[in-house]
*Asks:* 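Got a structure for you, questions after.
What you see below is based on every heavy atom in this structure, not just the backbone, and it leaves out hydrogens, waters and symmetry mates. These numbers were taken from a predicted model, which means no experiment stands behind them.
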Amino acid sequence: MLVVCFDLEGVLMPEVWINVAEKTGIEELRRTTRDEPDYDKLMRYRLDILDKNGITIDYIQEVIATMDPIPGAREFLDEVRSRWQVQILSDTFYQFAAPMMVKLGMPTIYCHDLVIDETSRMITDWKIRLEDQKRVTVEGLLSMNFHTIAVGDSYNDTNMLGEANAGILFRPPQNVIDQFPQYPVVTDYSTLMDEIERIASSLGE
């Protein structure tokens with residue numbers, strides 16, 4: 001049995017923080033895991049900016065409600081799910097991901113939680129579901145004798161790509177390509193499907 005594990009933002013959905021940056025005009029919020037490999041450092045940086053500018057969880061959720069999947073993503077994901085098991089492994093948060101999952105046909109997602117001050121509606125902290133959860137999830141699938149293919153685009157995906165039977169980079173930035181040349185790079189869903197099919201065949205799936 002094959003499980004295909006996808007990162008969410010940058011692979012199937014646009015980047016939440018970039019969309020918030022565009023709506024607010026705060027350019028510093030454009031910084032993502034494509035730029036900063038230290039996730040805790042990146043999140044603290046983001047929350048400091050939100051606090052300084054009075055940006056609430058409600059405002060961010062309003063921005064997310066306007067976001068649609070990357071063109072072709074829903075159709076691609078439906079095709080993959082018709083043939084193999086799929087899991088979304090993301091470092092986003094359930095408070096962000098819920099409306100995105102509806103637009104993607106409700107695939108299973110593992111991600112994290114935000115801590116919200118219910119009075120001010122400010123994001124005060126975050127709770128990691130599990131350290132290095134993408135890699136650990138893939139490790140768990142392998143321990144149950146599933147074959148796994150992992151697809152991501154950023155620094156925080158590379159551990160799961162390395163743990164899986166095969167990893168694929170989808171539209172990554174050049175700095176990630178340069179640092180992780182061992183992974184094939186694809187830039188469209190048709191080629192990504194071809195690569196998944198090729199790997200699945202090599203695994204006997």
*Asks:* For Thr191 and Asp194, does a side-chain donor sit closer than 3.5 Å to a side-chain acceptor?
*Replies:* no
*Asks:* ring-ring contact (aromatic ring centres under 6.0 Å, His included) between Phe76 and Phe6: does it pass, once the steps are laid out?
*Replies:* CA-CA 12 Å; Phe76 162 76; Phe6 293 99; 5.7 Å; yes
*Asks:* When you measure from the side chain of Asn53 to the backbone of Ile55, do you find a donor-acceptor pair of N or O atoms at a distance under 3.5 Å?
*Replies:* no
*Asks:* Run Phe146 and Trp84 through ring-ring contact (aromatic ring centres under 6.0 Å, His included) and show every step you take.
*Replies:* CA-CA 11 Å; Phe146 288 101; Trp84 304 289; over 10 Å; no
*Asks:* Does Ser201 reach the main-chain N or O of Arg198 with its side chain, forming a donor-acceptor pair under 3.5 Å?
*Replies:* no
*Asks:* Is Asp113 salt-bridged to Arg129, going by a charged N under 4.0 Å from an acidic O?
*Replies:* no
*Asks:* Taking the six-membered ring for Trp, are Phe96 and Trp17 ring centroids under 6.0 Å apart?
*Replies:* yes
*Asks:* Give a yes or no on whether a salt bridge exists between Glu197 and Arg83, defined as a side-chain N under 4.0 angstrom from a carboxylate O.
*Replies:* yes
*Asks:* Check whether any side-chain N or O of Gln133 sits under 3.5 Å from a backbone N or O of Ser90 as a donor-acceptor pair, and report yes or no.
*Replies:* yes
*Asks:* With a distance cut-off below 6.0 Å to the six-membered ring centre and an angular limit of 45° from the axis, does Arg171 pair with Tyr189 as a cation-pi contact?
*Replies:* yes
*Asks:* Return yes if a side-chain donor-acceptor contact under 3.5 Å exists between Tyr155 and Gln179, otherwise no.
*Replies:* yes
*Asks:* Can you check side-chain hydrogen bond (donor to acceptor under 3.5 Å, both in side chains) on Asp178 and Gln174, steps first, answer last?
*Replies:* CA-CA 6 Å; Asp178 293 343; Gln174 191 60 48; 2.8 Å; yes
